[in-house]
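Written below as structure tokens is the structure these notes are about.
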Number of protein chains: 2
Amino acid sequence: MDTTESKIFETAKNVFIRSGLEGARMQEIADEAGINKSLLHYYFRTKEKLFKAVFQYAFKRFLPKADELLNSDLCFEERIRNFINLYIDLLLENPFIPSFILCEINRDPEGVIELFKGLGSNPMKFDTLIREEVEQGNIRQIDSKQLIVNILSMCIFPMAARPILVPMIFNNDPRVFKKFLESRKKEIPDFILKSLVIKE
Amino acid sequence: MDTTESKIFETAKNVFIRSGLEGARMQEIADEAGINKSLLHYYFRTKEKLFKAVFQYAFKRFLPKADELLNSDLCFEERIRNFINLYIDLLLENPFIPSFILCEINRDPEGVIELFKGLGSNPMKFDTLIREEVEQGNIRQIDSKQLIVNILSMCIFPMAARPILVPMIFNNDPRVFKKFLESRKKEIPDFILKSLVIKE
DNA sequence: GTCTATATGGCGATAGAC
DNA sequence: GTCTATCGCCATATAGAC
């Protein structure tokens with residue numbers, strides 16, 4: 001579509017990716033979309049609403065897939081691998097999400113929580129899945145919450161910390177970092193599964 | 001010391017812990033310290049300088065210990081355990097650090113990097129340590145940078161994501177979350193070391 | 001050193017003409 | 001629907017009396 005609304009939406013997405021929620025300026029979005037600042041308000045009322053529209057659009061495509069995955073009959077290893085694959089893909093396509101959440105979380109925690117719940121996100125499903133695997137002796141004894149947080153950490157943190165990791169660890173080369181993130185689709189599941197194996 | 005300056009410093013630390021950098025208001029700090037807003041500027045020039053003073057003070061006590069650890073003659077396992085212990089203690093005592101860095105990173109990346117470099121932080125020492133361990137066959141083959149980022153992720157992310165983790169995963173009970181973080185001093189090294197073990 | 005009062009600037013948001 | 005002009009707020013920062 002080539003409507004003004006969709007033009008705004010696309011541009012906003014790019015600006016949010018580049019600058020985050022706080023960093024992004026309505027003026028900036030307007031300039032880049034080649035329209036007037038007031039039009040942003042005409043279509044989206046407030047900056048926050050505009051952001052949430054962008055944010056929700058990204059997540060709306062992710063959550064159903066994640067849900068489907070959790071309800072599938074794949075083995076644990078495949079679920080972990082697929083889930084992390086899905087998650088990292090989501091974040092690579094929408095790199096503004098981690099920093100948005102981690103910044104917004106301090107300003108308006110309830111808002112963020114509502115955002116998630118409104119989308120139907122329910123991490124406790126993952127919790128019971130892990131408990132079952134432990135009970136059935138498929139993986140070693142581990143606190144399910146520790147594992148969940150570990151997984152989320154390893155997926156989300158590197159995206160949020162990108163601006164500091166690139167210069168301090170990746171020689172200021174964004175392409176190397178991009179490859180690094182790509183390879184995490186394999187590295188993270190490997191890392192986790194090796195840790196969960198029950199040794200003979 | 002009971003000088004006005006130290007009173008400001010202590011109060012600012014608490015407010016930053018509670019509200020983060022963006023969330024903290026100069027007025028709030030002044031009120032809580034029982035002094036006038038202008039005095040903050042008298043002693044620290046700007047809000048940012050005040051924050052950096054607090055921030056650097058926290059890190060100044062950490063980095064030398066971390067450095068000492070890396071140069072010690074402990075075995076790899078003990079170094080990992082001690083390092084993570086140290087790191088989580090630092091973050092528990094200064095829970096504003098993760099969200100500060102992750103927010104500030106977007107607003108002023110160079111500033112944050114300078115901050116670290118100015119303190120003498122050098123993560124590449126850790127990098128060579130890991131490479132050596134792999135070469136010597138003490139741990140399995142793994143990309144050193146992947147491992148470093150995994151460690152940092154698992155230590156830092158949960159602190160930054162606290163306001164969303166507590167209601168969504170920990171039943172809104174901060175004490176449970178506190179215990180969760182405490183036990184990560186053991187859980188994270190266990191998790192990592194189990195993953196790095198070379199299987200017979 | 002400490003206060004009151006005020007300046008300054010940025011940015012989101014709105015009014016209102018066309 | 002789209003624009004120009006402007007409001008209103010808030011937070012940092014400063015001037016200047018005491």
Side-chain angles (χ1 to χ4, degrees), chain A residues 1-56 96 99-100 103-112 115, chain B residues 1-56 96 99-100 103-112 115:
Chain A
M1 287 268 257
D2 232 19
T3 67
T4 303
E5 182 165 1
S6 65
K7 179 71 186 162
I8 291 175
F9 190 87
E10 280 307 309
T11 309
K13 183 178 163 180
N14 292 332
V15 175
F16 283 132
I17 287 175
R18 225 181 26 235
S19 314
L21 171 63
E22 301 279 331
R25 299 289 147 224
M26 295 297 266
Q27 190 62 59
E28 197 183 351
I29 297 172
D31 289 349
E32 207 161 312
I35 52 115
N36 192 280
K37 204 172 55 160
S38 328
L39 271 190
L40 301 181
H41 292 95
Y42 177 78
Y43 281 103
F44 292 93
R45 259 329 258 178
T46 70
K47 182 186 185 182
E48 205 145 295
K49 280 194 171 54
L50 172 55
F51 188 94
K52 286 190 177 168
V54 172
F55 179 77
Q56 288 188 334
F96 63 95
S99 32
F100 159 64
C103 289
E104 197 61 4
I105 250 174
N106 295 302
R107 240 177 33 85
D108 175 21
E110 291 83 10
V112 175
L115 203 57
Chain B
M1 288 269 257
D2 232 20
T3 68
T4 303
E5 182 166 0
S6 64
K7 179 72 186 163
I8 291 175
F9 191 87
E10 279 306 309
T11 309
K13 184 179 163 181
N14 292 333
V15 175
F16 283 133
I17 287 174
R18 225 181 26 234
S19 314
L21 171 63
E22 302 278 330
R25 299 290 148 222
M26 295 297 265
Q27 188 63 59
E28 198 183 349
I29 297 172
D31 290 349
E32 209 160 311
I35 52 117
N36 192 281
K37 208 173 48 166
S38 326
L39 271 190
L40 302 181
H41 291 93
Y42 177 76
Y43 283 104
F44 293 92
R45 258 332 258 177
T46 70
K47 180 185 185 182
E48 205 145 293
K49 281 194 170 54
L50 172 55
F51 188 94
K52 286 190 176 169
V54 172
F55 178 78
Q56 288 188 332
F96 62 95
S99 32
F100 160 65
C103 289
E104 198 61 2
I105 249 174
N106 294 303
R107 242 176 32 85
D108 175 21
E110 291 84 10
V112 176
L115 204 56

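Chain naming here is simple, since letters A, B, ... match the order of the sequence lines and numbering starts at 1 in each. These numbers come from a predicted model, not from an experiment.
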Please identify each residue that fulfils ring-ring contact (aromatic ring centres under 6.0 Å, His included) with A/Phe44, with sequence neighbours left out. none
Angle between terminal axes - the helix from C/dG1-D/dC18 to C/dC18-D/dG1, 5 pairs each end, rounded to 10°: 10°
For DNA chain C, find the residues of residues 6-16 of chain A with a heavy-atom distance under 4.0 Å and give them by number; none if there aren't any. none
Using side-chain heavy atoms (C-beta onward) and a distance below 4.5 Å, is B/Thr11 in contact with B/Ile35? no
Taking protein heavy atoms under 4.0 Å as touching, what does nucleotides 2-18 of chain C look like 5' to 3' if B marks base contact, S marks sugar-phosphate-only contact and - marks none? BBBB-----SBBBB---
Sequence-distant partners of [X], side-chain hydrogen bond (donor to acceptor under 3.5 Å, both in side chains), two or more places apart:
X	answer
B/Glu48	B/Arg107
A/Asn14	none
A/Asn36	A/Ser38
A/Thr46	none

Heavy-atom closest pair, residues A/Ala24 and A/Ser19: N-CB, 3.6 Å
Name all residues meeting the side-chain contact (heavy atoms from CB on, under 4.5 Å) criterion together with B/Arg45; count only those two or more places apart in sequence or in a different chain, and write none if there are none. B/Lys49
According to salt bridge (charged side-chain N to carboxylate O under 4.0 Å, His left out), does anything in residues 7-19 of chain A pair up with another residue at least two apart or in another chain? List the pairs. A/Arg18-A/Glu28, A/Arg18-A/Glu32
Ring pair (Phe, Tyr, Trp, His ring centres under 6.0 Å): pairs with one or both residues in residues 2-38 of chain B, sequence neighbours excluded: B/Phe9-B/Tyr57, B/Phe16-B/Phe51
